[in-house]
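See structure below.
Within every chain, numbering begins at 1; the chains are lettered A, B, ... in the order of the sequence lines, protein sequences first and strands thereafter.
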Amino acid sequence: MDTAVQLVVLTLAAATPLLLAALGELVTERSGVLNLGVEGMMLTGAVCAFIACVKTGSPWLGVAAGAVAGAGLAAIFGVLVLTLTANQVASGLALSLFGVGLSAFAGLDYVSAVVDGIRPLAIPGLTTLPVVGPLLFGQNPLVYVALVLLVAIQWMLHRTHAGLVVRAVGESPESADAIGYNVLAIRYGCVLFGGACAGVAGAYLSLAYTPMWSENMTAGRGWIALALVVFATWKPWRVLAGAVLFGGVTLAQFQAQAAGVDVEPQLLAMLPYVATIVVLAIISRNPMLILRNAPASLGRPFRPDR
Amino acid sequence: MIRRILPAAAVAAAALLALPSLAQAPAKAPLKIGFVYVSPLGDAGWTAQHDMGRREMEKALAGKVVTQYVENVPEGPDAERVIRELAQAGNQLIFTTSFGYMNPTLKVAAQFPNVHFEHATGYKTAPNVGIYNARYYEGRYLAGMVAGRMTKTNVAGYVAAFPIPEVVMGINAFARGMRAVNPKAEVKVVWTSSWYDPGKERQAADTLISQGADVLTHHTDSTAVVQAAEAKKVYAIAYHSDMAKYGPHAQLTAVTHHWGDYYTKRAEAQLAGTWKPDNVWGGIKDGFVSLAPFNPVVPKDVQDAVNKAKADMVAGKLAAFAGPIKDNEGKERLPAGKTLTDDELNKMNYYVEGVQGKVPAGK
Amino acid sequence: MLRFEARPAPSRLATLLSPLIATLATVVAGVVLFAALGHAPLRALAAFFVQPLATRYGVGEWVLKASPLALIAVGLAAGYRANVWNIGAEGQLTVGAIAAGGLALAFDGTTSPLLLPAMFVAGAAGGMAWAAIPALLRTRFRASEILTSLMLVYIASLWLQLLVHGAWRDPEGFNFPQSKLFGAAALLPVIVPDTRVNAAVLLTLAVVAAAWVFMQRRHAGFEMRVAGLAPAAANYAGIPESQTVWRGMLIGGACAGLAGVGEIAGPIGQLMPSVSPGYGFTAIIVAFVGRLNPLGIVFASLLMSLLYLGGEAAQLTLALPSAVSGLFQGTLLFFLLAADVFIHYRLVRVRAVPAGAA
């Protein structure tokens, strides 16, 4: 029982950066904009969060700085693809390249700094309770932030007027424009939100999960987050399922290794990727699932002619 | 930033432009030495230690040498170009510090017979290519002794990247060190299939802790394992660099790499015109490998025992792989009274007693 | 007040001018960036753009590095024009290298001139096989090729590692993860003395030329473009979507596989745990900066190649950290992409509109 609880906690901890980044990207894509620069925004968020934490001593100011930095990078992307209608795929990839360079550059003086970071909760009397203690009261605070964000986005997208507008803009910017919504402003908002989420995901890595800064420390998690949005067929709760699947299978293969399972480690390391593909294939068999959810205008530029 | 770049930049710029002021400098131009690094410099890890060696050499031979480096050079077609450019730029001695640079180094060396090359961790030499490496396993053995005495669960966790001989040797030496002081000790190994991925290393460390390991060590390039140990309140033995500041409570000691003396010696040989290709495999005795200061939680008697073992190693009285050696399936690999030769060490593809599992691809 | 207004037709002048505008903006940005870092800006720019090409060897390296980028990008562009989003060229390259490398190792010691062509066939087949997986999953299960092709990159890379750490490891190599060096019959001849430029560059040129002809003239090229512009219309006109997907993926996979062969039979000469410094991903940028046009792609690949060489040169001569190179490369791409706006839009001055009239 104890081991099972521990596994859940570890899986959530591993899934959180994927969840945060993918949720932000989901909102961006729901508004019809494809931003492939998640990796770059995560790294920039990670380094800025770390620097802010070193400078101010406050990890939460660090998280805020990470969010602002992620949004800042997203703003560059926004100007390119929204105002200047540049190609979204290429701009996103360029943003990743830029973010990798920018973060490495900004962090040069901070590679040797050490921060205390954000520790998992430890509430006297509660965290030590059997089973529910570690599950409900023993996670890293940012894990709760990610879960709250998940619920909030699910609710916002599907239960509020604002969500309806975002989805309408993603489905048919022309119609939304005709009704009188400012498509570009709404898309800017969603792009910035996506960047902020990626920034917080980076902050989770540099302040909570592995409190440090070193170049490229996200090691490709931004790309996995992008894939998870597709995996989730643009539905928030499925992002959680995907992140847990990916993080969980990675952990499971480590568990198998530590238990002495005699399989080549590279074969085991393939498992998270294989599992994601297989599950995606299975859920995609129902054609209506994907067709209903993929934002129809995804990746297409829009310029109001008014 | 500026602090890091300026010395090298100023020198490089001056050399490049041959500024008039340089004409008044000593008549003999300083020796140019180049370095190729596989990853960004960073603060801790493989490349950080090589760069520390470079700076130590610069300091020891101030005025006599200038250095250049190119960081983050992938092992592949780019390596050959970078090495060649360093040779073209007038570097007389070039250190290539990753295994994958072996064949590119040889190719460039053939084109620049008057330039001397030193390749770390490889096995091919040429008239102008020497090789050097360190007996990391000696440090691992001593670290294993610390772990063996400090563990309460008798399980150590080992986060490793790839099953190359150097890593397998380290795992085995660590297990032998543990077993030398604690016959019940076991080592669990988890492979991350990546030299550098802090998140994955953290996950692997968490996994090992959840399966009962209370001392962790690693053969990967980030500080994540030490940090995981610190967060989960278990012990850790760092690798490559002293990572005490990342795990002030967790880190018992670290197996550290030191290249400064070697680089200085080779540069001196080059300056004196006595450089010859060599095959150097230096250990504790030669100062290539060392242990970081002990954490105060390590009891005095343990520290003394390890220090004595270290002295014995230096004196040649103790070897990490002295017979009898049994593998973890009970088969005797080496009878008592013998020591594994370098060749046998390099071909090691089995785990010794005390390590769980099997060496991947070990046939 | 200034605003963009759509042009009735794409401007030819702007098409030609936009790279110039981007270059100018980059130079200005570069001057500011390098000056802020305390480097003589012009020397830094020279290090980036001039110094790498100062020697014959340097020019050779420039072409050598551009070649796989162009080859892969041309293949990807065929898919992208038809809205087939293959982002897994890196994996297809890797499997192409595995297939060709396996052949080279199996026939080690042969002197047959057929080995090299056979390796290219195997490489193309390997790349296509790897690309066929996302194509199959997309056409049979409607699984997005964006996700599957990306995930397959990681799987391919682990597969290559598995091989060079195990079965295909050089038996003389002290268990180090590398294959044997290939024999002479498995290596591409160098075609320009004193450089590393090999015959794979000719293959790239041939593929680029073929792609150009194919896009412009052939019916299939037209079909693919229609399918990209208006999938519904294409379907209506009797061009099945699945055929478009298969074609787009397989062309991309074949080109990436060929590029993989060019690397292992060219500058690398053996199998290593990694056979590409991310060419498959960089080629995506190349494809778009080249506007999905074969000729544009050639220029874009040369530009990207120069940026990488320039980054190294800047490290060498100015001790500029590699991070600054990344920063500068990203900035240039931004300007290049942004300048495209002038092709389809023009900047017009409008009088302030009274509130409420919009």
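Taking CG from L108(A) and CG from L41(B), the interatomic distance works out to 8.5 Å, rounded to the nearest 0.5 Å. Remark: N72(B) CG to N216(A) CG distance equals 7.5 Å, nearest 0.5 Å.
Highest contact tally toward chain A, considering only S210(B), A228(B), G157(B), G212(B), is held by S210(B) [criterion: heavy-atom pairs under 4.5 Å]. Taking G199(B), P163(B), G357(B) one by one and counting their heavy-atom pairs under 4.5 Å with chain A, the maximum is reached by G199(B). Of the listed residues (A258(A), P120(A), A219(A), A14(A)), the one with the most heavy-atom contacts under 4.5 Å to chain B is A258(A). Chain B forms more heavy-atom pairs under 4.5 Å with one residue of R119(A), Q253(A), R221(A) than with any other, namely R221(A). With respect to chain B, the highest number of heavy-atom pairs below 4.5 Å among D262(A), L205(A), L268(A) belongs to D262(A).
Within a 6.0 Å radius of NE2 in H258(B), other residues, nucleotides and ligands contribute more than 12 heavy atoms. Atom NZ of K232(B) sits in a crowded spot, with more than 12 heavy atoms from other residues, nucleotides or ligands closer than 6.0 Å.
Neither the backbone nor the side chain of A231(B) comes within contact range of chain A, judged by heavy atoms closer than 4.5 Å. For A208(A), the part lying near chain B is the backbone, with the side chain staying farther off; criterion is any non-hydrogen pair under 4.5 Å. With a 4.5 Å cut-off on non-hydrogen atoms, T192(B) touches chain A through its backbone and its side chain both. Interface residue Q203(B): backbone and side-chain heavy atoms are both found under 4.5 Å from chain A. With a 4.5 Å cut-off on non-hydrogen atoms, A113(A) touches chain B through its backbone but not through its side chain. If you measure heavy-atom distances from Y158(B) to chain A, you find no contacts under 4.5 Å at all. At a 4.5 Å heavy-atom cutoff, the contact between V189(B) and chain A is made by backbone atoms alone.
In terms of heavy-atom proximity, Q211(B) sits nearest to A259(A) at OE1-N, 3.5 Å. Nearest heavy-atom pair across P265(A) and P360(B) is CD-CB, 3.3 Å. Of all the heavy atoms in P198(B) and T210(A), the pair that sits closest is O-CG2, 3.6 Å. Contact record, K245(B) with S112(A): NZ-O, 2.7 Å, taken as the closest heavy-atom pair. Closest of all the heavy-atom pairs between M212(A) and A224(B) is CE-N, 3.8 Å. The heavy-atom pair separating D43(B) from V111(A) by the smallest distance is CB-O, 3.2 Å.
With hydrogens and angles disregarded, no donor-acceptor distance shorter than 3.5 Å links the side chain of K358(B) to the backbone of V263(A). Without hydrogens or angle criteria, Q227(B) side chain to P211(A) main chain gives a donor-acceptor distance under 3.5 Å.
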So S222(B) and M217(A), side chain to side chain contact (heavy atoms under 4.5 Å, CB included) or not? Walk me through it.
CA-CA 9 Å; S222(B) 87; M217(A) 68 177 298; over 6 Å; no
Worked check of side chain to side chain contact (heavy atoms under 4.5 Å, CB included) between W191(B) and Q266(A)
CA-CA 8 Å; W191(B) 302 96; Q266(A) 287 97 347; over 6 Å; no
Going through the checks in order, is the side chain to side chain donor-acceptor pair (under 3.5 Å) test met by E215(A) and S39(B)?
CA-CA 9 Å; E215(A) 278 183 46; S39(B) 57; over 6 Å; no
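No donor-acceptor contact under 3.5 angstrom links the side chains of T207(B) and Q257(A), judged on distance only.
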